[in-house]
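Labels below follow one simple rule: chain letters A, B, ... track the order of the sequence lines, proteins then strands, and each chain is numbered from 1.
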Protein chains: 2
Amino acid sequence: MLEQGIEGASVRNIAKEAGLSLGSLRYYFHSQEELMKYARELVSERITQRVDKIFASDKNPNEKILEVLLELLPQTSKLGREPKVRLFFKTLAVQPEKTAAVDQDGVYLAVKNVMSNLLLLNFIKKNLDIGIETERLYALINGLALNSLLNPDELSAQRVEEIILVHLNSICKESVK
Amino acid sequence: MLEQGIEGASVRNIAKEAGLSLGSLRYYFHSQEELMKYARELVSERITQRVDKIFASDKNPNEKILEVLLELLPQTSKLGREPKVRLFFKTLAVQPEKTAAVDQDGVYLAVKNVMSNLLLLNFIKKNLDIGIETERLYALINGLALNSLLNPDELSAQRVEEIILVHLNSICKESVK
DNA sequence: TCTTTATTAACACAGTTGTACTATAAAAAA
DNA sequence: TTTTTTATAGTACAACTGTGTTAATAAAGA
């Protein structure tokens, strides 16, 4: 996927990349859909694990939350390949009859996690609707992921971080900076 | 594209949908890339035209701006198919060596237009970086487009409008409501 | 009327796709 | 040792892909 795009992710190419024959690969995965589903869930799990690890570290909350959000984006993730591949699957799902559920999206879980943490810390400005703010942040993350992948030059890692900081500041109280 | 997804957009299927033979279609478009480029630009142009039309209407600025932004999203556009197809092309571009330039994206032009209008009207809060706010709004629009297409049930048209209104209010002065 | 151009259709070619089936080798169990 | 799983590889098939070529038809111009 990273080298040849979605079209290159054929069963044959994947088998070749894995050093297996076509028959061998199909011994483990009886269909392409099964293989794709496994990969999709694997990527989601890895992202979730990485996010949990950051949350479990002993930094201050502000740093944690920023680091988590940056970890979800292709340009700024230390994980490297996973957020990019996740977006590939996401765009692949933009197909009739192939819609993947949101709940199994590690990024959505991470965003919800970030928001409930901000709420628990009493960082959120008054009169904000948490549901709407969660979906707004989730959309921002997905949009940044898409844009930074399509236009890495204009939307650099530093730029992405600036935008996320601006957004966080806009939903957090003045005192938190 | 709308019926069978990106994979269904083969030269043969398009010819059939257009009521032409394969040879006839290739008389006008010598390659698939040429055909795709034409369609991509056509969609972008239509969106731009629609946006210009709204800006040229005689409503009050607040209404215009909201209407323009809603027009860029699949669920809320009165244009109907174009924003959805545009997103298909956008996700199609998430492929190595196939990156389409941002400048020819009608949606990006529209967002820039919205921001400079807000600035001209003196609606924007003080101390905001216009460049960053433009990219933030552009990412939000693309994210909303992606999410509402993948999850039309949770992210309904009304919900999308609420989110956009919240975002506009967050970057505009208190007096503008 | 004759000739040139525009338009349509049909077929062929080489390549790729997902899937199914079969034979072979290694490992484990009896 | 024999038998049964586990694992790997190879091949075949039908369907599709983009592209190229060639023939036939309609329209327009000289």
Side-chain angles (χ1 to χ4, degrees), chain A residues 1-46 81-82 84-101 104-105 149-150, chain B residues 1-46 81-82 84-101 104-105 149-150:
Chain A
M1 279 186 160
L2 291 174
E3 291 168 8
Q4 304 179 39
I6 298 170
E7 304 202 355
S10 67
V11 182
R12 278 175 179 79
N13 284 345
I14 293 172
K16 191 186 293 176
E17 189 74 17
L20 287 176
S21 75
L22 186 56
S24 296
L25 184 60
R26 290 211 59 209
Y27 174 76
Y28 299 97
F29 302 97
H30 298 102
S31 73
Q32 185 184 27
E33 187 47 42
E34 210 175 309
L35 171 59
M36 289 303 192
K37 186 184 175 188
Y38 172 81
R40 201 166 48 227
E41 290 174 353
L42 181 65
V43 168
S44 182
E45 275 174 26
R46 284 191 185 169
R81 315 193 299 275
E82 278 75 5
K84 196 178 281 191
V85 176
R86 176 219 160 233
L87 192 67
F88 277 40
F89 276 114
K90 200 95 186 153
T91 63
L92 199 65
V94 183
Q95 226 83 234
E97 311 295 332
K98 283 196 177 184
T99 309
Q104 68 187 36
D105 180 5
L149 203 64
L150 288 176
Chain B
M1 279 185 159
L2 291 174
E3 291 168 9
Q4 305 179 38
I6 298 170
E7 305 202 356
S10 67
V11 182
R12 280 176 178 79
N13 284 346
I14 293 173
K16 191 187 293 176
E17 189 74 17
L20 286 176
S21 77
L22 185 58
S24 294
L25 184 60
R26 291 210 58 211
Y27 174 75
Y28 299 99
F29 300 97
H30 298 99
S31 74
Q32 185 183 28
E33 187 48 41
E34 210 175 308
L35 171 60
M36 289 304 192
K37 186 183 175 189
Y38 172 81
R40 202 166 46 227
E41 291 174 352
L42 181 65
V43 168
S44 182
E45 274 174 27
R46 283 189 186 171
R81 315 192 298 276
E82 277 76 4
K84 195 178 281 191
V85 175
R86 176 215 161 237
L87 193 66
F88 277 40
F89 276 114
K90 200 95 187 153
T91 64
L92 199 65
V94 183
Q95 226 82 234
E97 311 295 333
K98 283 196 177 184
T99 308
Q104 69 185 36
D105 180 6
L149 204 64
L150 288 177

Without placing hydrogens or testing angles, list every side-chain donor-acceptor pair under 3.5 Å for residues 23-30 of chain A, not counting sequence neighbours.
| residue | atom | partner | partner atom | Å |
| --- | --- | --- | --- | --- |
| A:Ser24 | OG | A:Ser21 | OG | 3.1 |
| A:Arg26 | NH2 | A:His30 | O | 2.4 |

Mind calculating the distance between [atom1] ([X]) and [atom2] ([N]) to the nearest angstrom?
X       : N      : atom1 : atom2 : result
B:His30 : D:dG20 : NE2   : P     : 10 Å
B:Glu34 : D:dG20 : CD    : P     : 11 Å
A:Leu22 : C:dG18 : CG    : P     : 9 Å
A:Ile6  : C:dT17 : CD1   : P     : 14 Å
A:Met36 : C:dT17 : CE    : P     : 11 Å
A:Glu7  : C:dG15 : CD    : C1'   : 14 Å
B:Phe29 : C:dT7  : CZ    : C1'   : 14 Å
A:Lys16 : C:dT16 : NZ    : P     : 8 Å

Would a 4.5 Å heavy-atom cut-off, applied to side chains only, mark [X] and [Y] as touching?
X        : Y       : answer
B:Phe89  : B:Val85 : yes
B:Asp105 : B:Arg86 : yes
A:Tyr38  : A:Glu34 : no

- [ ] Take atom CD of A:Glu41 as the centre, draw a 6.0 Å sphere, and report whether it contains more than 12 heavy atoms from other residues, nucleotides or ligands.
- [x]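 Count over threshold, so yes.
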Task: 5' priority, DNA chain D, between A:Arg12 and A:Tyr28 [closest heavy atom] - done: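 First, find each residue's nearest nucleotide; the 5'-ward one identifies A:Tyr28.
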TODO: Check every strand shown and say whether A:Ser10 touches a base, only sugar-phosphate, or nothing at a heavy-atom separation below 4.0 Å.
DONE: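 It contacts sugar-phosphate atoms only.
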Open item on the list: Categorize A:Leu20 for me: base, sugar-phosphate, or nothing, with a 4.0 angstrom heavy-atom threshold over every strand shown.
Closed with: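 Sugar-phosphate, no base atom in range.
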Can you check whether [X] has a side-chain N or O nearer than 4.0 Å to OP1 or OP2 of [N]?
X       : N      : answer
B:Arg26 : D:dG18 : no
A:Tyr27 : D:dA7  : yes
B:Ser24 : C:dA9  : yes

Open item on the list: Nearest heavy atom decides the nucleotide; on that basis, is A:Asn13 or B:Gly23 closer to the 5' end of DNA chain C?
Closed with: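 Comparing both residues, the 5'-ward one is B:Gly23.
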Open item on the list: Using the side-chain heavy atoms of A:Ser21, tell me which of these nucleotides is nearest: D:dT19, C:dG18, D:dT8.
Closed with: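 Minimum distance to the A:Ser21 side chain belongs to D:dT8.
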